[in-house]
Amino acid sequence: MSIQQTDVLYTAVATAENGRDGRVATDDGRLDVVVNPPAAMGGSGDGTNPEQLFAAGYSACFQGALGVVARQEKADISGSTVTAKVGIGRNDDGFGLIVEISATIPNVDAETARTLLKKAHEVCPYSKATRGNITVTLA
């Protein structure tokens with residue numbers, strides 16, 4: 001279900017210059033990075049790239065969703081980490097993305113960890129935004 005403009009609590013603003021081979025910065029100056037295509041795609045790989053930035057945002061958001069779910073389930077996720085692997089490759093329309101989300105949750109058993117990941121995937125805003133658009137797997 002989408003939200004309305006009146007429901008927005010915060011809006012991030014970032015501006016890119018020269019696309020994948022330039023610079024991207026937020027309006028508050030907290031993020032200001034050089035972006036370059038990765039060497040695997042023929043670029044210099046000297047800066048970061050949009051896929052790394054997306055992976056960073058997705059993993060942080062998913063970790064937050066995992067925390068919400070863990071509190072509801074009364075599960076201890078202290079010391080946990082979430083990793084997002086974002087791949088880019090050619091598809092019928094040019095290029096597409098694929099994502100793999102994994103987590104290390106040291107204080108729960110494997111079955112509980114899988115359950116928490118599935119529930120976090122249902123509530124994470126990034127997961128909601130990508131659902132039906134790109135393949136996201138939980139590892």
Residues in side chain to side chain donor-acceptor pair (under 3.5 Å) contact with Thr26, at least two apart in sequence or another chain: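 Side chain to side chain donor-acceptor pair (under 3.5 Å) list for Thr26, sorted by chain: Asp28.
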
Roughly how far apart are [X] [atom1] and [Y] [atom2], rounded to 0.5 Å?
X: Ile98; Y: Thr130; atom1: CD1; atom2: OG1; result: 11.5 Å
X: Leu97; Y: Ile134; atom1: CG; atom2: CD1; result: 5.0 Å
X: Leu66; Y: Leu117; atom1: CG; atom2: CG; result: 6.5 Å

Tell me, please, which residues at least two apart from [X] pass side chain to side chain contact (heavy atoms under 4.5 Å, CB included).
X: Ala60; value: none
X: Ala40; value: none
X: Asp76; value: Ser78, Asn107
X: Gln4; value: Thr6, Asp7

What pairs of residues pass the salt bridge (Lys or Arg N to Asp or Glu O under 4.0 Å) test when at least one of them lies in [range], not counting sequence neighbours?
range: residues 38-60; value: Arg20-Glu51
range: residues 106-124; value: Glu73-Lys119
range: residues 53-69; value: none

Identify all side-chain donor-acceptor contacts of residues 82-90 below 3.5 Å with residues at least two apart in sequence or on another chain.
none

Stepwise side chain to side chain contact (heavy atoms under 4.5 Å, CB included) check, Leu53 with Thr48: CA-CA 7 Å; Leu53 295 169; Thr48 189; 4.2 Å; yes

Heavy atoms only: give me the nearest [X]-[Y] pair and the separation to one decimal.
X: Leu116; Y: Ala70; value: CD2-CA, 4.1 Å
X: Ala14; Y: Val24; value: CB-CG2, 4.2 Å
X: Ala120; Y: Ala65; value: O-CB, 3.8 Å

Contact list for residues 68-119, test ring-ring contact (aromatic ring centres under 6.0 Å, His included), sequence neighbours left out: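 Applying ring-ring contact (aromatic ring centres under 6.0 Å, His included) to every pair that reaches into residues 68-119, excluding sequence neighbours, yields nothing.
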
ring-ring contact (aromatic ring centres under 6.0 Å, His included) pairs, two or more places apart, involving residues 105-139: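 Those involving residues 105-139 are Phe54-Tyr126, Tyr58-Tyr126.
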
Indicate yes or no: at least one non-hydrogen side-chain atom of [X] is less than 4.5 angstrom from one of [Y].
X: Val136; Y: Ile101; result: yes
X: Leu138; Y: Phe62; result: yes
X: Met41; Y: Pro38; result: yes
X: Asn49; Y: Asn36; result: no
X: Asp21; Y: Val35; result: no
X: Ile3; Y: Val8; result: yes

Main-chain N/O of Ala129 paired to Asn133 side chain as donor or acceptor, under 3.5 Å: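 A pair under 3.5 Å: yes.
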
Check: Thr112 side chain, Val108 main-chain N or O, donor-acceptor pair, under 3.5 Å: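 The answer is no, because no donor-acceptor pair under 3.5 Å joins these two groups.
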
Co-membership, hydrophobic cluster, residues Val68 and Ile105, 4.5 Å side-chain: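 No: no chain of side-chain contacts under 4.5 Å links Val68 to Ile105.
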
Verdict with supporting geometry, Arg71 and Ile77, side chain to side chain contact (heavy atoms under 4.5 Å, CB included): CA-CA 9 Å; Arg71 283 188 293 281; Ile77 64 159; over 6 Å; no

Hydrophobic cluster of Val13, others only, ordered by chain and residue number, side-chain cut-off 4.5 Å: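 Val13 shares its hydrophobic cluster with no other residue.
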
Worked check of side chain to side chain contact (heavy atoms under 4.5 Å, CB included) between Val123 and Val69: CA-CA 8 Å; Val123 301; Val69 169; 3.9 Å; yes

